[in-house]
Amino acid sequence: MALSDISLTAGMRSNLLSLQKTSTLLDRTQDRLSTGKEVNSALDDPINFFAAQGHMDRANDLAARKDGMGEAIQTIKAADSGITAITDLLQQAKALITAARSASASSEITSLQDQYDELLNQVADLAADSGYKGTNLLDDATLTVDFDEAGESSLDIVGFSATTAGTIGSATISAADFSDSTAMDSAVTEIDDALTELRTQSKTLSSNLSVVTTREEFTTNMINTLQGGADNLTLAD
């Protein structure tokens, strides 16, 4: 039956329109109750919808950067753990030299020197094992950490070399001849230089860790701010 075949009075048409509006409002209310949002599409409110979408897009981009910051923090911690362990090994090596000074038997001196050489080799091995996710700051790696969604704000964390036996950044430790007191004195000096280098590198890593941690916390707060702004534009009362 064609719509033109149905005769309705003005009052009936008015009631019908009122029912249609009521049905539309009920549908809209159901959508808001089910989604919790007043603005679910651009048809509801194009200005607020696209503004909220922009906030959420930026929040998602920053969330990806935050993940990168978290990985950078772990990389720095891995390097710092390596530095701590290498420091312990060098202090042990220094103690071997002290023991060799007071040793009288040549066999004991030879044994101490062999232990010393092995410790230097372990320093290199330990440094080589201090990487995280393919990045080793103790093997001259440079880690770039991006902070903003455009990649315009970043930090370069520059590592140093400790993976070659006897090399600690700018310091070099030579193989010592424990039968020669002059050589042992020189080795002690070189170890002290290496320990100073490690302390310097550790302070640099600590400073970088502080920057990355602060930016990670800031990014978390910014993501919450953006999400809150999006909610204010779209959530139902």
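Everything numeric here is computed off the predicted structure, so don't read it as measured data. This chain uses plain numbering: 1 for the first residue, then up along the sequence.
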Closest heavy-atom contact between [X] and [Y]?
X    : Y    : value
F178 : A100 : CD2-CB, 3.3 Å
E197 : G169 : OE2-CA, 3.6 Å
A165 : A124 : N-CB, 3.5 Å
L138 : A79  : CD1-O, 3.9 Å
G229 : H55  : C-CD2, 4.0 Å
G82  : L126 : O-CD2, 3.6 Å

For this session: Report whether V145 and Y132 are members of the same hydrophobic cluster (ILVMFWY, side-chain heavy atoms less than 4.5 Å apart, transitive linking).
Result: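 No; Y132 is not reachable from V145 via cluster members.
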Are side-chain heavy atoms of [X] and [Y] found at a separation under 4.5 Å?
X    : Y    : result
L90  : L198 : yes
V212 : I157 : yes
T144 : L155 : no
D125 : T163 : no
I191 : Y116 : yes
M222 : L62  : yes
L143 : D156 : no

Does [Y] offer a backbone N or O that forms a donor-acceptor pair with the side chain of [X] under 3.5 Å?
X    : Y    : value
S207 : K203 : no
N136 : A127 : yes
T75  : E71  : yes
T189 : D185 : yes
T219 : R215 : yes
T225 : N221 : yes
R65  : D148 : yes
T87  : I83  : yes
S186 : T182 : no
D80  : I76  : no

Find the distance between [atom1] ([X]) and [atom2] ([Y]) and round it off to the nearest 0.5 Å.
X    : Y    : atom1 : atom2 : result
M69  : F218 : CE    : CZ    : 9.0 Å
I86  : Q122 : CD1   : CD    : 11.0 Å
I168 : L120 : CD1   : CG    : 8.5 Å
I173 : L195 : CD1   : CG    : 7.5 Å
D139 : T164 : CG    : OG1   : 7.5 Å
D177 : S174 : CG    : OG    : 12.0 Å

For this session: Using salt bridge (Lys or Arg N to Asp or Glu O under 4.0 Å) as the criterion, list what pairs up with K94, not counting sequence neighbours.
Result: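 With sequence neighbours excluded, K94 shows a salt bridge (Lys or Arg N to Asp or Glu O under 4.0 Å) to D192, given in chain and number order.
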Problem set entry | Derivation of the side-chain hydrogen bond (donor to acceptor under 3.5 Å, both in side chains) call for E190 and T172 | CA-CA 6 Å; E190 291 172 346; T172 302; over 6 Å; no
Problem set entry | Partners passing ring pair (Phe, Tyr, Trp, His ring centres under 6.0 Å) against F160 (at least two apart in sequence or in another chain) |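 If we apply the ring pair (Phe, Tyr, Trp, His ring centres under 6.0 Å) test to F160, skipping adjacent residues, there are no hits.
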